[in-house]
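To keep things clear, I will list the structure first and then write my remarks on it.
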Amino acid sequence: MTTTFVLFPIMITFIFLFTTNFLLTVTASQPVSFPSLTIHTTTVSSNDTAIAVMPTLSAYYFVEARIGLPRFRVKLALSTSTPTTWVQSADCVVCLDVPSKSMNFDPADGFEPVLGDDSKYCVPPVAKTATLGDPCRYVLGFSQGILGNDTFSLVSPPSTSSPPPSLEINHFIFGVGKQNMVNFGAHSPIVGQLGLGKGHPSSTLSQLNISRFSYCLPPSNSNHQNTTATLEFGPKAGLTTAYYYNTPIVEGPPDHPFDYYINLTEIAINNASVYTPSKQREGGEPGFVIDVGATVTLLYKEAYIRVKDAVMEYLSSNFGLYPVYPSRPVSKPPIYELCYYNQDLESITTLTYPNISFHFEGGAVLQLPESQAFHNFVDELQTCLVMIPRTGTEPSRLGASQQRGWRFTYDLLQSELSFAPNGC
Ligand SMILES: *[C@@H]1O[C@H](CO)[C@@H](O)[C@H](O)[C@H]1NC(C)=O
Ligand SMILES: *[C@@H]1O[C@H](CO)[C@@H](O)[C@H](O)[C@H]1NC(C)=O
Ligand SMILES: *[C@@H]1O[C@H](CO)[C@@H](O)[C@H](O)[C@H]1NC(C)=O
Ligand SMILES: *[C@@H]1O[C@H](CO)[C@@H](O)[C@H](O)[C@H]1NC(C)=O
Ligand SMILES: *[C@@H]1O[C@H](CO)[C@@H](O)[C@H](O)[C@H]1NC(C)=O
Ligand SMILES: *[C@@H]1O[C@H](CO)[C@@H](O)[C@H](O)[C@H]1NC(C)=O
Ligand SMILES: *[C@@H]1O[C@H](CO)[C@@H](O)[C@H](O)[C@H]1NC(C)=O
């Protein structure tokens, strides 16, 4: 079962943006190349479905759906590691801390449970075997309940002048969540997930026969009403972006059938390679997944240590800055290991943060702006590298905070992930 990192321990209320420049004295070990972006010449305006994507303060990204007749509105977090869409039910036993009285899935209103004998949808690994004639039970990473079927629509951005059609589905199969074990952050309006993972017959993508989708994540503090960030479905999704990088979507291990694996080739700090994976998923390297439902990036321990060491080395040798831990013991270290006191950072007028870039098979490069790699935790008076080391066999996950601003397009027929900056 896949669990993703669920929330920031502290709400991000402000992000540093340093504008000063500084000449670097980088001792580049192995310079890495930055191929130029592919030029896609036939820019078309997409007629496909575009759904508004909005952020929560804790870096979950959600869409708004309308379910049932009479309809009620729900906010569902995007997830590329969950295939099936699920929504908390009013009669939940383990519940998200949100009002969900209206989410009463009643056959009298047209809701229909999927039954255990439905061999199309009620199959493993999402569905558990159910007694014939009984409701089909599902188990996803964060939620358990029954599969059901109702009218379902996803809402277009309010600000578009000629709105593209909202997505309307008459009989959509989704999970009615009775036990929902996830925390979407304090005061979050989210009551479920829109599954964008691949694989299962009950997945959103399989039901809608979608083999291409694209999204762009706006900054966490952007105006909810005014975002132009969209989730697009269909053959032309994401094509309005003229320049992009491509990397193959590769097969994951059998126990991760829903995730989108891509081949990491290098992590670089200021254009110098600091980490090259050994053969992925052989000899212990657990692979690299892009995951819009993880709020921050989780890095394989070896990779994290190299990144952390290189960032520390850069800040100490160029600016004489030393981190809070372990040089100054504190009683309660945060989940982010590499933090600096804001007071120390602010004392350096020439400070520039190091550029961190992720390089992928096929020459694709994701360069993180400093605001996506470092966050200022104002209550703690510290700024931290917002990546988390992970041990064991779980893959690294590129989280939503490090995807913001780029447009990512997933093409399942071509098995290709494309991404481009300034995609919102
Ligand atoms: C897009 O929609 C418009 C209006 O409905 C239509 O005239 C046009 O042919 C469509 N374009 C494509 C590429 O489907
Ligand atoms: C969904 O519900 C409709 C009627 O409400 C029914 O005709 C259809 O067979 C149901 N689909 C599934 C997969 O249960
Ligand atoms: C699904 O989409 C593909 C093209 O993307 C199309 O060839 C196929 O006919 C569609 N299947 C259904 C059942 O609509
Ligand atoms: C949204 O943006 C438009 C133009 O960019 C502006 O005129 C409008 O006031 C904004 N609306 C809100 C609610 O901020
Ligand atoms: C890193 O590479 C980019 C793109 O090739 C280049 O613009 C930039 O100057 C390089 N930075 C350093 C510190 O070498
Ligand atoms: C991805 O990496 C794996 C393991 O190194 C390799 O076997 C595979 O060929 C790579 N896939 C692509 C599409 O390059
Ligand atoms: C980071 O990259 C930007 C844009 O490529 C560049 O202007 C800046 O100097 C780089 N910073 C460092 C520390 O290399």
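Just the heavy atoms: all of them, side chains too, but no hydrogens, waters or symmetry mates, feed the values below. Keep in mind that this is a model prediction, so the values were computed, not measured. Atoms within each ligand, like the ligands themselves, are counted from 1 in listed order.
A52 and V63 make their closest contact through O-CG1, 3.4 Å (heavy atoms, listed as atom of the first residue, atom of the second, distance). Annotation for P201 and K120: closest pair CB-O, 3.2 Å, computed over non-hydrogen atoms. Closest of all the heavy-atom pairs between A303 and I267 is CB-CD1, 4.0 Å.
Atoms of ligand 2 lying under 4.0 Å from at least one heavy atom of D118, given by number and element, are 13 (C). Counting the atoms of ligand 2 from 1 in the order shown, those under 4.0 Å from a heavy atom of I173 are 13 (C). Ligand 7 places these atoms under 4.0 Å from at least one heavy atom of Y314: 13 (C). Heavy-atom proximity to Y353, at under 4.0 Å, picks out these atoms of ligand 7: 13 (C). Taking every non-hydrogen atom of P248 and a distance limit under 4.0 Å, the qualifying atoms of ligand 6 come out as 13 (C). Heavy-atom proximity to N149, at under 4.0 Å, picks out these atoms of ligand 2: 1 (C), 2 (O), 3 (C), 8 (C), 10 (C), 11 (N), 12 (C), 14 (O). In summary, the atoms of ligand 2 found under 4.0 Å from a heavy atom of Y121, numbered by their order in the structure, are 13 (C).
W406 is listed as a side-chain neighbour of L366, based on a closest heavy-atom distance under 4.5 Å. For the pair D117/C122, no side-chain contact is recorded, criterion being any heavy-atom separation below 4.5 Å from C-beta on. Residues N270 and Y314 form a side-chain contact, since some pair of their non-hydrogen atoms from C-beta on lies under 4.5 Å apart.
Between D259 and K198, no side-chain nitrogen of the basic residue sits less than 4.0 Å from a carboxylate oxygen of the acidic one, so the salt-bridge criterion is not met.
For the pair E370 and ligand 7, no heavy-atom separation below 4.0 Å is found.
Annotation: N270 places an N or O atom under 3.5 Å from an N or O atom of ligand 7; distance criterion only. Taking distance alone, with nitrogen or oxygen atoms compared against 3.5 Å, N355 approaches ligand 7 more closely than that limit.
Aromatic ring centres of Y275 and Y304: separated by at least 6.0 Å.
Nearest protein heavy-atom contact of atom 6 (C) of ligand 2 is E112 OE2, 3.9 Å.
Within a 4.0 Å radius of atom 9 (O) of ligand 2, the protein contributes no heavy atom.
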